[in-house]
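As the structure is a computational prediction, the values presented were derived from the model and not from experiment. Quick note on labels: first sequence line is chain A, next is B, and so on, each numbered from 1.
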Protein chains: 2
Amino acid sequence: MLLRLNHHSGVPIYLQLIEQLKHAIETGALRGGDQLPTIRKLAEDLVMNPNTVARAYRELEHEGVIELRHGSGAFVPESVVSRAKVMRKAQGIVQSAMDRLASLQLSEDEIRRLVENELALLRNNESEITLD
Amino acid sequence: MLLRLNHHSGVPIYLQLIEQLKHAIETGALRGGDQLPTIRKLAEDLVMNPNTVARAYRELEHEGVIELRHGSGAFVPESVVSRAKVMRKAQGIVQSAMDRLASLQLSEDEIRRLVENELALLRNNESEITLD
DNA sequence: AGTTGTGTATTAGTCTACTAATACACTATA
DNA sequence: TATAGTGTATTAGTAGACTAATACACAACT
């Protein structure tokens, strides 16, 4: 398994870990039933605190991507296989949208704001203040 | 001009201001050549520190959306009119993509991660760590 | 020139996200 | 039931983002 981490990007390590582990599952590097590296083992290899790895694992479990067994380890459930297909489809949607946006000369921050705006609309929880 | 602000959403006020002011321009509530509300005036109306408004204005200028004239005020340059069209197009792209993603039952965080992933790919600045 | 209204800069306080240090609790196996 | 290996919980330190307090600098107008 190959993990790409960047300690100087400003992106929290635990988020990068989540992304990379998901990628490993989606590409088949990790398959249903497989056991993931131990929290301590991975923390040692990556030279970081076990809690940081634990946080990534915890969130992955919360999203249903992995399964944590207290005292035993972390495992990839069989069910994620079909989910991987969905994620690949989603990734394609995002990629084509980003490509089209990039050709419009938008900055990254502007793209992020458009996305956040749409997400907020799908949620809808705002109050109003009126000026003359 | 109507401003929608939410002090309890966790989204920084200055970012909400940026979004709302852009929206005002894109919808035509603010037109080319118009003067925006004074920093102090807007800060007073919205009951916040002038620096917070100033920050929003500063970033909007950095993005070319408004023009700051030291001692005079903040203005909407004529050039933003064509840009508004581009932004409307971009907004449409994002909206359709978000709709399709939402129908795939993705969480907001998952969508954000896909977006960040694509943005990173368009940039490309990572180092690798290999595990056995 | 003076005055008033404008944006700008500096500094500091507060809050939260992130990471780490450390101790705890569960499970498997001998 | 002992022990080694696993995930879990609590607490604290650090850094950065956000906002505010305050003083500065420029521009228009008399």
Find the distance A:R55:CZ to D:dT10:P and express it as a whole number of Å. 16 Å
I'd like to know whether B:E26 forms a side-chain contact (heavy atoms from CB on, under 4.5 Å) with B:Q91, so could you lay out the CA-CA distance, the side-chain angles of the two residues, the decisive distance to 0.1 Å, and finally the verdict. CA-CA 11 Å; B:E26 285 161 18; B:Q91 200 265 342; over 6 Å; no
Regarding the side chain of A:I13, the nearest nucleotide among C:dA25, D:dT19, C:dT19 is C:dT19
Is there a donor on the side chain of A:R40 or the base of D:dG7 sitting less than 3.5 Å from an acceptor on the other? yes
Return the nearest nucleotide to the side chain of A:Y57; candidates are D:dG7, D:dT19, C:dT8. D:dG7
Mind calculating the distance between CG (B:L42) and P (D:dT19) to the nearest angstrom? 14 Å
Using 0.5 Å steps for rounding, measure from the CG atom of B:L21 to the CG atom of B:L3. 6.0 Å
If the cut-off is 4.0 Å, is B:Y14 near the phosphate of D:dC18, judged by side-chain N/O to OP1 or OP2? yes
Can you tell me the distance, in whole Å, between the CG atom of B:L68 and the C1' atom of C:dG5? 15 Å
Note: A:E44-A:R40 ion pair, threshold 4.0 Å (strictly below): no
A:N51 side chain near D:dA9 phosphate (N/O to OP1/OP2, under 4.0 Å): no
Below 4.0 Å: OP1/OP2 of D:dT6 and any side-chain N or O of A:S72: no
Within the pair A:R69 and C:dT27, is there a side-chain N or O less than 4.0 Å away from OP1 or OP2? no
Rounded distance in Å - CG (B:N49) to P (C:dT8): 15 Å
Check for a donor-acceptor pair, side chain of B:Q20 on one end and backbone N or O of B:L5 on the other, with a separation under 3.5 Å. no
Side-chain N,O (B:T52) to OP1/OP2 (D:dA20) below 4.0 Å: yes
Minimum-distance nucleotide (side-chain atoms of A:I39 versus C:dT8, D:dG7, C:dC18): D:dG7
Can you measure from CD1 (A:I66) to CD (A:Q35) and round to the nearest 0.5 angstrom? 11.0 Å
Considering only C:dC18, C:dG7, D:dT6, which nucleotide approaches the side chain of A:T38 most closely? D:dT6
For atom NZ of A:K41 and atom P of D:dG7, their distance in whole Å: 12 Å
